[in-house]
Amino acid sequence: MIAPPPSGPVLYPPELSLKLLTDMLRIRRLEEKSAEMYGAGKIRGFLHLYIGEEAVATAAIHALAREDNVVATYREHGHALLRGVPMGAIMAEMYGKKEGCSRGRGGSMHLFDKAARLYGGNAIVGGGLPLAVGLALADRMQKIARVNACFFGDGAVAEGVFHESMNLAQLWRLPVAFFCENNLYAMGTALARYESQIDLCVKAASFGMAALKADGMDVVASHEAAKQACAHVRSGKGPIFVEFQTYRFRAHSMFDAELYREKSEVEEWKTRGPIHTFTARLKAQGDLTEEQFLAIDAAVMKEVGEAVQFAEAGTWEPVEDLAKDVYTLP
Amino acid sequence: MSVMSYREALRAGLHEALARDPRVFLMGEDVGKYGGTYAVSKGMLAEFGPERVRDAPLSELAFVGAGIGAALGGMRPIVEVMTVNFSLLALDQIVNSAALLRHMSGGQFSVPLVIRMTTGAGRQLAAQHSHSFEGWYAHIPGIKIVAPATVEDARGMLAAALDDPDPVIVAEHAQLFETKSEVDDGVKVDIASSKVRRSGGKVTLVTYGGSLPKALAAAEEVDGEVIDLRVLRPLDMGPVLDSIRKTRRAVVVDEGWRSGGLAAEVMARIAEGAFYDLDAPLARVCSEEVPIPYPKHLEEAALPQVPKIVAAARGLLG
Ligand SMILES: Cc1ncc(C[n+]2csc(CCOP(=O)(O)OP(=O)(O)O)c2C)c(N)n1
Ligand SMILES: [Mg+2]
């Protein structure tokens, strides 16, 4: 049995609430358009959509400052977007165009942006964790105060590198916020089918690391947890682990026939959808009207349309540049 | 000028690196309190403190990955992996992060990381402690592999590796640690070129790392010209091809296994670049294709040795 949908008053100033709503919607519409462009053959390879999980990245990234670092996974379009990577540069990257945020070299799974302090999109499950630990170590040694936010899925928790990285971070009290997006599945294998201990916070406790659990379908609860986590890291208390309990509404990737879960389970989780539940709460307390919502959505759709135009107008990197940046030129 | 051992040269290079640049730090298993598995970092914990001489847990994957992260974050880490054998546990971060990040990010993120590791067999440590995987690493675009074979290179290569903006693996051969020679105290070396270590007229012996002393000994018997590759990726074939144009014969000596090994790559490049200059087929002396055994006589039989190199060279001389 899943929990009831997020409800109750939202105690944020309307400006913040609308910002959170807008950003969740920006991710949703970008992902929907990406799926469409995948169908149209414009985007190829692997494409992992974040639909259903928008509250997590939105809540977490709104708790971060510009100068904080972010390490993410292959399901990172939303994270890149909210870190300030222009939607056009993201779409162009998925198209493989030179105007993409990684010159088109990486594609959907490898969005990088120096200005946004986004250290990738990583397609090795768990691969980003030690990078975040190292970035945090560099900060500590250079006396830079910063949160190093590391996003990863529940599946990464099963990897040895998770345990090694958690131990290092706690041993050296490094400023890392480990943001675990627990959507209950690693591809087609449910958490309970691959983990002996499904309470992920217990794993953090085994390292003596502080841990929090949050309803990842509720942007308010998630934002509160993320703020608390960042405050913990900023106060110099060392790393923290946050388990966001969420759910992916779409297939794992575009190649997934979803044989491993019941449609009814997906439908049940959709009643907890982060965008419509938040919208309803804001409307109920008079912080949002239907007209306002439609206006926000129209603005988002315009941004999405322009992103597609930008990607379409993009150019292909010349083949002569194939070997560029394998090494740094002197 | 002073006489020092390969080990002392590595230590002097490391000391200079830590003293010269506050961004440099050393991280690895037993580098601090223990003084380094091969005593290279002995005394440095006391001198530079635990932040910069950082003992790491047995977590090769995480601390190599953390080295990559720290390099991205503005530091100049030297990560010591005890031996090449254990670097297998860190392979994912070396291959999938360090080597790829710059290209995959469209040139935004370089990884100025140095990974030191000892390599090689010859001390009766049995199969799991006797690998020579530097040739594997040389397969991978995005990283550089250097193999100091002389005391001078042991002294100077670390500084050159730290000056390089990309990841560099330094493969230090365990059999070389006691070799001694005179070196300039402030010697500077490059990590771009291969070098002639002995001039000779009849046959070119191409080698690197722990096999260099063996090739030099063999060269005495066959009037060999010995080329030390020094850098295994990217390979500098110029001096090799120049030498072959003179000797018209070549033997490649490599402690790695024969099949799919670095020697095969070097031979292919010789065939591509100097085929019509050759008077004899190319030859190679590699490790036998067996796990390196423990007993002394079997270990010796498994590795390249001077008589095998001499025999291979004589085979070409006809
Ligand atoms: C080391 C590694 N093993 C396997 C895979 C193939 N793979 C890609 S995503 C995935 C599932 C990961 O699940 P999770 O970490 O929960 O993230 P989610 O996709 O649910 O966001 C797997 C097995 C991989 N990319 N990397
Ligand atoms: Mg998952």
Side-chain angles (χ1 to χ4, degrees), chain A residues 69 71 93 98 100-107 109-115 118-124 126-142 144 146 148 159-169 171-172 174 317 322-330, chain B residues 22-25 27 50-52 54-77 79 89-90 92-93 95-113 140-144 163-168 192 233-234:
Chain A
N69 288 331
V71 176
E93 187 60 36
K98 186 157 68 77
C101 58
S102 309
R103 279 181 84 82
R105 298 267 185 79
M109 302 190 288
H110 302 297
L111 306 178
F112 287 84
D113 192 302
K114 204 164 197 170
L118 174 63
Y119 290 85
N122 202 311
I124 303 297
L129 278 90
L131 297 185
V133 170
L135 285 161
L137 177 59
D139 287 341
R140 243 273 297 287
M141 296 186 75
Q142 295 169 109
I144 298 170
R146 168 150 58 210
N148 290 275
E159 295 280 2
V161 73
F162 166 81
H163 300 271
E164 291 189 14
S165 302
M166 292 281 283
N167 179 54
L168 266 195
L171 180 70
W172 293 341
L174 297 176
E317 182 168 24
L322 177 64
K324 196 173 162 214
D325 289 320
V326 175
Y327 297 100
T328 311
L329 286 181
Chain B
R23 297 172 305 167
V24 171
F25 69 101
M27 168 163 63
E51 281 280 298
R52 298 188 64 210
R54 186 172 281 272
D55 279 319
L58 285 146
S59 302
E60 289 82 4
L61 185 54
F63 72 70
V64 170
I68 298 166
L72 289 169
M75 301 298 286
R76 293 283 170 154
V79 172
L89 283 87
D92 169 56
Q93 283 295 327
V95 175
N96 274 320
S97 292
L100 305 188
L101 282 177
R102 183 171 172 85
H103 192 261
M104 202 164 66
S105 68
Q108 292 179 87
F109 293 106
S110 296
V111 181
L113 170 70
I140 299 156
I143 51 180
K144 295 183 180 173
D163 284 343
D164 197 286
D166 296 314
V168 180
R233 183 182 192 97

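Just so it is clear, the values below take in all heavy atoms, side chains as well, and ignore hydrogens, waters and symmetry mates. The shown structure was predicted, so the numbers you read here are calculated from the model rather than taken from an experiment. Residue numbering restarts at 1 for every chain, and letters A, B, ... go by the order of the sequence lines.
With a 4.5 Å cut-off on non-hydrogen atoms, B/Phe63 touches chain A through its backbone and its side chain both. With a threshold of 4.5 angstrom between heavy atoms, B/Ser105 approaches chain A through its backbone and through its side chain. Using a 4.5 Å cut-off between heavy atoms, A/Lys324 touches chain B through its backbone atoms (N, CA, C, O) alone. In this structure, the portions of B/Gln108 lying under 4.5 Å from any heavy atom of chain A include both its backbone and its side chain. Only the side chain of A/Leu171 comes within less than 4.5 Å of a heavy atom in chain B; its backbone stays farther off. Contacts of A/Asn167 with chain B are made by side-chain atoms alone, with heavy-atom separations under 4.5 Å and no backbone atom involved. If you measure heavy-atom distances from A/Asn122 to chain B, the contacts under 4.5 Å come from the side chain alone.
In this structure B/Arg52 satisfies the salt bridge (Lys or Arg N to Asp or Glu O under 4.0 Å) test with no other residue, sequence neighbours excluded. Looking at residues two or more places apart in sequence or on another chain, you find a side-chain contact (heavy atoms from CB on, under 4.5 Å) between B/Ala71 and B/Pro77, B/Val111, B/Pro112, B/Leu113.
Note that CE of B/Met27 is 5.5 Å distant from CG of A/Leu137, once rounded to the nearest 0.5 Å.
In terms of non-hydrogen atom pairs under 4.5 Å with chain A, the most contact-rich of B/Leu89, B/Leu72, B/Asp164 is B/Leu72. Put simply, of A/Ala132, A/Gly127, A/Gly100, the one with the most heavy-atom pairs under 4.5 Å next to chain B is A/Gly127.
Checked by atom type and distance alone, the side chain of A/His110 never pairs as donor or acceptor with a backbone atom of B/Leu101 at under 3.5 Å.
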